[in-house]
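When a residue number appears, it is its place in the shown sequence, counting from 1. Heavy-atom basis, side chains included; hydrogens, waters and symmetry copies ignored. Worth saying up front: this structure is predicted, and the values here are computed from it rather than measured.
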Amino acid sequence: FPYTTLFRPEFAIGHVHTWQGAEAQGSLTIVSEEPVQGFRCRQLRYRLTKGGASAERPGLICWGYANQFAGSEGWNMVY
């Protein structure tokens, strides 16, 4: 899933992106958007379900330069 699409206006807070694999299904939810140490960041929730079991973890992406050599800004996965 390309993180640049999470910036699009139609993907507002609360948007859920889902996918279906051969054996499992997953979702990514945009939970909130707020500044973190001066960076524009979005908190995410990843969820994977297989059979009757599921796992969930938080995520954080922030807008900016990935490093001092990056030519342009973009969404970067923090965790």
Side-chain angles (χ1 to χ4, degrees):
F1 182 71
Y3 293 108
T4 54
T5 61
L6 294 174
F7 179 66
R8 293 170 32 191
E10 62 266 30
F11 292 161
I13 304 309
H15 173 78
V16 179
H17 177 78
T18 59
W19 65 90
Q20 176 69 49
E23 297 185 26
Q25 54 272 358
S27 67
L28 182 148
T29 304
I30 302 172
V31 177
S32 65
E33 182 174 322
E34 56 190 68
V36 175
Q37 296 185 6
F39 291 95
R40 179 183 181 187
C41 297
R42 286 191 164 188
Q43 294 180 344
L44 310 173
R45 183 175 55 245
Y46 296 93
R47 182 175 178 84
L48 187 65
T49 304
K50 181 177 179 181
S54 66
E56 194 171 283
R57 73 170 179 89
L60 181 71
I61 60 171
C62 296
W63 182 260
Y65 291 97
N67 57 49
Q68 69 268 30
F69 304 109
S72 61
E73 293 181 294
W75 286 110
N76 297 285
M77 183 183 292
V78 178
Y79 61 85

Trainee: My understanding is that only residues two or more places apart in sequence, or in another chain, count here; which of them pass side chain to side chain donor-acceptor pair (under 3.5 Å) with E34?
Mentor: none
Trainee: Checking S27 now: which residues fulfil side chain to side chain donor-acceptor pair (under 3.5 Å) with it, not counting sequence neighbours?
Mentor: none
Trainee: Would you mind listing the cluster partners of L60? Hydrophobic ones only (ILVMFWY), side-chain contacts under 4.5 Å, chaining allowed.
Mentor: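 Members alongside L60: V78, Y79.
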Trainee: In chain order, what residues pass the side-chain contact (heavy atoms from CB on, under 4.5 Å) check against R45, with sequence neighbours excluded?
Mentor: T29, V31, E56
Trainee: Any pair with a residue in residues 12-26 that passes salt bridge (Lys or Arg N to Asp or Glu O under 4.0 Å), sequence neighbours left out, goes on the list, sorted by first then second residue, please.
Mentor: E23-K50
Trainee: For T49, give me all partners under side chain to side chain donor-acceptor pair (under 3.5 Å), at least two apart in sequence or on another chain.
Mentor: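 Counting only residues at least two positions away or on another chain, T49 forms no side chain to side chain donor-acceptor pair (under 3.5 Å).
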Trainee: I30 and F11: which non-hydrogen atoms are nearest, and at how many Å?
Mentor: CD1-O, 3.6 Å
Trainee: How close do F39 and W63 get, counting heavy atoms only, and between which atoms?
Mentor: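 It is CD2-O, 3.5 Å.
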Trainee: Taking disulfide (SG to SG under 2.5 Å) as the cut-off, I'd like each qualifying pair that reaches into residues 21-56, sequence neighbours left out, listed once.
Mentor: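 Passing the test, one end in residues 21-56: C41-C62.
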Trainee: Do any pairs count as a salt bridge (Lys or Arg N to Asp or Glu O under 4.0 Å) and have a residue in residues 70-79, sequence neighbours left out, and if so which ones?
Mentor: none
Trainee: Consider only side-chain heavy atoms of I, L, V, M, F, W and Y, link residues closer than 4.5 Å, and tell whether W75 and Y46 are in one cluster.
Mentor: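 Result: yes, single cluster for both.
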Trainee: L48: which residues meet the side-chain contact (heavy atoms from CB on, under 4.5 Å) condition with it, sequence neighbours left out?
Mentor: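 Partners of L48 under the side-chain contact (heavy atoms from CB on, under 4.5 Å) test: A24.
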Trainee: Under the rule for side-chain contact (heavy atoms from CB on, under 4.5 Å), what residues qualify as partners of S72, not counting sequence neighbours?
Mentor: none
